[in-house]
Amino acid sequence: MINITRKEDCCGCSSCMNICKVGAIEMKADSQGFIYPEVNKEICINCGECESACPILNYFPEQKFNQSAYLVQHRDSEILRESTSGGAFTGIASEIIKRGGVVFGAAYDKDFRVIHKCVSDSKDLKIFRNSKYVQSDTGQTFKQVKNFLSDKKFVCYSGTPCEIEGLLNFLGSESESPYLLTVDIVCHAVPSPAVWSAYLDILKVDGEINSISFRDKSTYGYMYSQFAIRRENSRTIYEGIETNIMMRAFFSDVCDRPSCYECRFKKRFRRSDITLWDCWDALKFCGKNSFNQNSGITRVLIHSEKGRKFFDDILDSFIHEKISADIAVKYDAKEMTQSVAKDPERYNKFWLMFYNNPAGTLRKFFPVTFKTKAESLIRRIAWRTGLYELMRKLYKTLFGDRRR
C-alpha cells in the first residue's frame with residue numbers, strides 16, 4: 001500500500017492510481033494544490049502494485065550510455081511561431097499521427113487548468129504548443145497508453161521527467177514496446193496549481209480570458225518572449241517576466257512542488273527516448289548559425305536507439321545541425337541536473353500568507369513596482385536599439401541564467 005509520509009517523496013505522477021486494479025487510490029489535492037494518493041483501506045487488497053509503480057520508491061540510478069544531439073528549428077513558420085522554442089515536439093508528434101498513432105501532452109481545459117490530453121489529429125497538436133509552467137494532472141492517461149499499446153497503436157507521451165518515469169514504471173515490460181516513444185523536457189520545477197488558479201482569479205477580474213501564452217514570441221521574438229493574455233473582443237496584453245506575476249512566482253521557487261526541491265529525475269542520462277529544451281545561442285553549440293536565432297531553437301538529446309531511428313526519419317522537417325551530446329549538455333547544465341533551491345523562511349512565509357489570501361499574497365510577494373516597470377522599459381529599449389542580446393549575456397555572466 002502506498003503511504004506518503006513525506007511530501008518530498010511524491011511527484012504526483014499518478015502511476016499508483018493508474019495501476020490499482022480495484023480502484024482503491026484517488027489523487028487528491030492538498031492545501032497547496034498538489035495532488036497526492038489517498039488509499040481507501042476498505043477496498044485495498046494489499047497487492048503492492050502501487051508501490052512497484054512509484055518512480056521514487058523504485059528509483060533507477062543514472063547509468064552512462066551513448067547519446068545523440070541536435071539543434072532544430074521547424075521549417076513551418078506558423079508552427080515555429082506558436083512553439084515555445086524550435087517546434088521540435090510538433091515535428092515528433094506529427095510523425096506519430098502520420099503513422100496512425102496518438103499523442104499525449106499537457107494542455108489547458110476549458111477553465112485553463114493544466115491537464116494531460118490525447119489527440120489523434122495533427123490539427124489538434126497546437127494545444128500542446130507553448131510552455132505551461134504549472135504541474136499537469138495526468139489523470140487516467142497511463143491506462144490509456146497501455147490500451148493503445150495493446151492494440152499495437154503508436155503512442156507518443158510527453159511530460160516532465162518524473163511523469164515519464166512514472167509511466168514507464170506503470171507499463172513495466174510494455175515500456176519496451178516499439179510502438180511507444182517517450183519525450184521529456186528539461187524541467188526547472190513545477191509550480192502549484194493553486195497558485196496558478198489564484199493568478200487566474202486576478203486575471204478574470206478584468207473579464208473572461210480567451211487564451212494564454214507563457215512564452216509568446218509575436219512581439220519581440222524568442223529571445224525576449226512574453227506572457228500574453230488574450231481576451232474576447234479585446235486587445236492582447238503582453239507582459240515581460242519582470243512584471244508578470246505568474247512568471248515571477250515561477251522563477252522565485254517559493255511555490256514549487258516539495259519533491260522538486262529534492263528531484264530524483266534531474267539527470268543527463270534518462271529513461272525517456274528524447275529530451276527537449278531551449279537553445280539560447282546556437283553559436284555556442286555548433287560554431288555556425290544556420291538558424292534564425294530569434295525565431296526559437298530546440299536542443300534535442302536522444303537517449304535510445306528507438307529515439308535515434310525515429311528522429312532520423314523526421315530530420316527533413318527541421319533546419320538542423322547535429323552536435324556533440326557533451327556540448328549539448330555543457331551549457332545550462334544546472335537546469336538539467338540540479339534541483340531548485342529552497343529558502344525555508346521565504347517559502348514558509350509565502351504559504352502562510354497564501355492559505356489566508358491567495359490573490360492578495362501574489363500581489364504582495366510579486367508587486368509591479370517602479371523598479372520592475374523600469375527594468376521592463378530598459379529591456380524594450382535595448383531590444384529596439386539592438387543591444388538586447390549583449391545586455392542579456394552580460395546579465396547572465398553577472399547574475400546567472402535564472403531569468404531570460
Side-chain angles (χ1 to χ4, degrees), residues 33 78-85 87 90 105-115 117 124-137 188-252 254-256 278 294-296 354 357-381 383-384 388 403-404:
E78 182 178 357
I79 290 173
L80 185 59
R81 177 177 54 81
E82 294 176 347
S83 301
T84 298
S85 48
T90 297
Y108 298 119
D109 68 7
K110 62 181 179 60
D111 299 315
F112 291 98
R113 191 169 67 98
V114 181
I115 62 173
K117 290 186 176 182
D124 295 325
L125 290 175
K126 67 186 306 177
I127 68 173
F128 300 140
R129 292 178 202 139
N130 207 275
S131 299
K132 290 98 180 165
Y133 293 153
V134 187
Q135 179 161 35
S136 177
D137 186 345
H188 176 78
V190 288
S192 160
V195 169
W196 174 238
S197 179
Y199 174 67
L200 290 175
D201 289 341
I202 293 173
L203 293 184
K204 289 173 183 176
V205 170
D206 294 325
E208 289 301 309
I209 305 162
N210 187 37
S211 67
I212 293 174
S213 298
F214 274 81
R215 298 269 301 278
D216 186 278
K217 298 187 287 190
S218 60
T219 303
Y220 297 109
Y222 175 63
M223 302 305 291
Y224 185 26
S225 54
Q226 296 187 298
F227 195 99
I229 306 136
R230 297 176 177 86
R231 301 184 186 279
E232 294 284 355
N233 303 317
S234 180
R235 67 188 180 91
T236 301
I237 303 299
Y238 296 98
E239 296 180 341
I241 61 171
E242 315 86 1
T243 55
N244 180 262
I245 290 175
M246 190 63 206
M247 291 300 288
R248 291 175 67 193
F250 171 70
F251 283 111
S252 75
V254 298
C255 56
D256 298 330
D278 285 294
N294 202 39
S295 293
F354 185 86
N357 185 1
T361 300
L362 291 183
R363 290 191 179 99
K364 185 175 179 62
F365 256 71
F366 311 107
V368 179
T369 63
F370 175 79
K371 180 181 178 181
T372 56
K373 289 179 180 178
E375 186 177 351
S376 180
L377 177 62
I378 290 169
R379 279 180 181 255
R380 292 197 300 272
I381 292 172
W383 181 262
R384 289 173 181 143
Y388 181 79
R403 303 178 69 183
R404 308 299 184 188

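This structure is a prediction, so every number in the text was calculated from the model and none was measured.
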Report the distance from atom CD1 of I209 to atom CD1 of I229, rounding to the nearest 0.5 Å.
7.5 Å
Between L362 and A198, which heavy-atom pair has the shortest distance, and what is it?
CD1-CB, 3.9 Å
Apply the test side-chain contact (heavy atoms from CB on, under 4.5 Å) to residues V368 and N244: give CA-CA distance (whole Å), side-chain angles for both, the deciding distance (0.1 Å), then the verdict.
CA-CA 8 Å; V368 179; N244 180 262; over 6 Å; no
Is T84 reaching over with its side chain to a backbone N or O of S131, donor-acceptor style, under 3.5 angstrom?
yes
Criterion side-chain contact (heavy atoms from CB on, under 4.5 Å) on L125 and I79, from CA distance to verdict:
CA-CA 10 Å; L125 290 175; I79 290 173; over 6 Å; no
With a 4.0 Å cut-off on N to O distance, would you call D278 and R215 a salt bridge?
yes
Contacts of E82 meeting side-chain contact (heavy atoms from CB on, under 4.5 Å) (sequence neighbours excluded), chain-then-number -> E78, K126, R129
Between S225 and K217, what is the shortest heavy-atom contact and its length?
CB-CG, 4.4 Å
When you measure from the side chain of N294 to the backbone N and O of Y220, does any donor-acceptor pair fall under 3.5 Å?
yes
Just by modelled atom types, is the F112 backbone N or O under 3.5 Å from a matching donor or acceptor in the W196 side chain?
yes
Is any side-chain N of the basic residue among D137 and K117 closer than 4.0 Å to the acidic one's carboxylate O?
no
If the plane angle is over 60° it's perpendicular, under 30° parallel, otherwise tilted; pick one for Y199 and F227.
perpendicular
Main chain of R113, side chain of D111: is a donor-acceptor contact present, judged purely on distance under 3.5 Å?
no
From F354 atom CZ to F365 atom CZ, the distance as rounded to the nearest 0.5 Å
11.5 Å
Taking all non-hydrogen atoms of both residues, which atom of D216 and which atom of S213 are closest, and how far apart?
CB-CB, 4.0 Å
Mark yes or no: K132 above the aromatic ring of Y108, with NZ or CZ under 6.0 Å from the six-membered ring centre and no more than 45 degrees from the axis.
yes
Let me see the working for S252 and F366 under side-chain contact (heavy atoms from CB on, under 4.5 Å), right down to the final yes or no.
CA-CA 9 Å; S252 75; F366 311 107; 3.6 Å; yes
Please give me the minimum heavy-atom distance between V134 and P193, naming the atom from each residue.
CG1-CA, 3.8 Å
Counting only N and O atoms by type, is there a donor-acceptor contact under 3.5 Å from the side chain of R363 to the main-chain atoms of P358?
no
Provide the closest heavy-atom pair for A249 versus C255 in the form atom of the first, atom of the second, distance.
O-SG, 3.7 Å
Would you check, one step at a time, whether the test side-chain contact (heavy atoms from CB on, under 4.5 Å) holds for F214 with M246?
CA-CA 9 Å; F214 274 81; M246 190 63 206; 3.9 Å; yes
Test: salt bridge (Lys or Arg N to Asp or Glu O under 4.0 Å). Region: residues 231-240. Which pairs qualify, not counting sequence neighbours?
none
Atom pair CD (Q135) and OG (S192), whose distance is rounded to the nearest 0.5 Å:
9.0 Å
Atom pair CD (E242) and NZ (K371), whose distance is rounded to the nearest 0.5 Å:
12.0 Å
Which heavy atom in A107 sits nearest to a heavy atom in I127, and how many Å separate them?
CB-O, 3.7 Å
Straight-line distance of I212 CD1 to L203 CG, nearest 0.5 Å:
5.5 Å
For K364, does the NZ atom have more than 12 heavy-atom neighbours from other residues, nucleotides or ligands under 6.0 Å away?
no
